[in-house]
Amino acid sequence: MIAKLDSMLLPRKKFLYHYKNVRWARGRHETYLCFVVKKRVGPDSLSFDFGHLRNRNGCHVELLFLRYLSALCPGLCGYGAPGERRVSYSITWFCSWSPCANCSSRLAQFLGRTPNLRLRLFVSRLYFCDMEDSREREGLRLLKKAGVHITVMSYKDFFYCWETFVARQQSKFKPWDDLHQNSVRLARKLNRILQPCETEDLRDAFKLLGL
DNA sequence: ATTTTCAAT
């Protein structure tokens, strides 16, 4: 049973290489997506599923996930019997890269017509977000508008992923150098991206006034 | 100081 489950888990080296939140992520030509799916089956009870995916055959991992979604979440999209309610799900993603502009837009569209799905998104690194006017930045704002909570992964998130998705064989999660600093830097960057400009202007104004 | 990015060779 353990051995069977192990094959579904991420090898330690793969996780560490692809999720490392280093400034210059040379060679990460793959993106991994670890997910947790929770289904609301009653007023209180939740069922639970988890796993991981990576991009394949030129298909970004987010869109790959959308393809698997109906199998993963029965009753999410179908219309069911007349008068029957759709099933509600909460999904959490932990992605090694944040989504590209196209994936963000496709996701936002999908979520717009699937109000019974809540998506929480943790990312290790920000994908093509250096330019002030990058389409990827715009895409992240679109996702926020679609109700997605986007957060940069911190120590506790890497730790949780290690415990949940990695074939760790009893080994403890060993944070790499600068994990915390990198996470803080990226979180600030993401906040600046998601923050409406007015707030930023106000903050500067307050600073000028010494308030 | 500078470096990369869901590849393409």
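Below, chain A is the first sequence line, B the second, and so on; all start at residue 1.
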More than 12 heavy atoms of other residues, nucleotides or ligands under 6.0 Å from [atom1] of [X]: is that the case?
X: A:K156; atom1: NZ; value: yes
X: A:K38; atom1: NZ; value: no
X: A:R12; atom1: CZ; value: yes

Checklist outcome for this item: Residues joined to A:Y17 in its hydrophobic cluster, side chain to side chain under 4.5 Å directly or through other members, sorted by chain and number, are none

What is the distance, to the nearest angstrom, from the [atom1] atom on [X] to the [atom2] atom on [N]?
X: A:Y17; N: B:dT4; atom1: OH; atom2: C1'; result: 10 Å
X: A:F94; N: B:dC6; atom1: CZ; atom2: P; result: 22 Å
X: A:K20; N: B:dT5; atom1: NZ; atom2: C1'; result: 17 Å
X: A:L64; N: B:dC6; atom1: CG; atom2: P; result: 16 Å
X: A:L126; N: B:dC6; atom1: CG; atom2: P; result: 14 Å
X: A:R26; N: B:dT4; atom1: CZ; atom2: P; result: 5 Å
X: A:D130; N: B:dT3; atom1: CG; atom2: C1'; result: 12 Å
X: A:R137; N: B:dT5; atom1: CZ; atom2: C1'; result: 14 Å

Next on the checklist: Keeping A:N21 on the side-chain end and A:S124 on the backbone end, is there a donor-acceptor pair under 3.5 Å?
Outcome noted: no

Next on the checklist: Strictly distance-based, threshold 3.5 Å: is any side-chain N or O of A:K20 a donor or acceptor partner for the main-chain N or O of A:W176?
Outcome noted: no

Checklist entry - Quick one: do the A:D157 and A:S154 side chains pair a donor with an acceptor below 3.5 Å? => result yes

Next on the checklist: Using a 4.0 Å heavy-atom cut-off, does A:S98 contact any base of the nucleic acid, only the sugar-phosphate backbone, or nothing at all?
Outcome noted: base

Checklist entry - Heavy atoms under 4.0 Å, any strand shown: does A:E62 hit a base, just sugar-phosphate, or nothing? => result base

Enumerate, atom names and distances included, each donor-acceptor pair closer than 3.5 Å involving a side-chain atom of residues 91-100 of chain A, sequence neighbours excluded.
| from | atom 1 | to | atom 2 | distance (Å) |
| --- | --- | --- | --- | --- |
| A:T92 | OG1 | A:R120 | NH2 | 3.4 |
| A:S96 | OG | A:Y32 | N | 2.9 |
| A:W97 | NE1 | A:R28 | O | 3.3 |
| A:S98 | OG | A:Y127 | N | 2.7 |

Atom pairs and distances, side-chain donor-acceptor, residues 59-75 of chain A, under 3.5 Å, sequence neighbours left out:
none

Checklist entry - With rounding to whole Å, what would you report as the distance between B:dA8 and B:dT4 at their C1' atoms? => result 16 Å

Checklist entry - Which whole number of Å gives the distance between the P atom of B:dT9 and that of B:dT5? => result 15 Å

Using a 3.5 Å cut-off and no angle test, enumerate the donor-acceptor pairs between side-chain atoms of residues 135-143 of chain A and protein atoms at least two apart in sequence or in another chain.
| from | atom 1 | to | atom 2 | distance (Å) |
| --- | --- | --- | --- | --- |
| A:E136 | OE2 | A:A101 | N | 3.1 |
| A:R137 | NE | A:C129 | O | 2.7 |
| A:R137 | NE | A:M131 | O | 3.0 |
| A:R137 | NH1 | A:E132 | OE2 | 3.3 |
| A:R137 | NH2 | A:C129 | O | 2.9 |
| A:E138 | OE1 | A:R141 | NH2 | 3.0 |
| A:R141 | NH1 | A:I193 | O | 2.8 |

Next on the checklist: Can you tell me if A:Y32 touches the phosphate of B:dC6, counting only side-chain N or O atoms and a distance under 4.0 Å to OP1 or OP2?
Outcome noted: no

Checklist entry - Got a sec? Which of residues 99-112 of chain A come in under 4.0 Å of DNA chain B, heavy atoms? => result A:P99, A:C100

Next on the checklist: Counting distance alone, no hydrogens or angles: does the base of B:dT4 have a donor or acceptor under 3.5 Å from a partner atom on the side chain of A:W24?
Outcome noted: no

Distances under 3.5 Å between protein N/O atoms and the N/O atoms of nucleotides 7-9 of chain B, please, pair by pair.
| from | atom 1 | to | atom 2 | distance (Å) |
| --- | --- | --- | --- | --- |
| B:dA7 | N7 | A:H29 | NE2 | 3.4 |

Next on the checklist: Between B:dT5 and A:F128, is there a base-stacking contact, meaning the centre of the base's six-membered ring lies under 5.5 Å from the residue's ring centre while the planes stay under 30° apart?
Outcome noted: yes

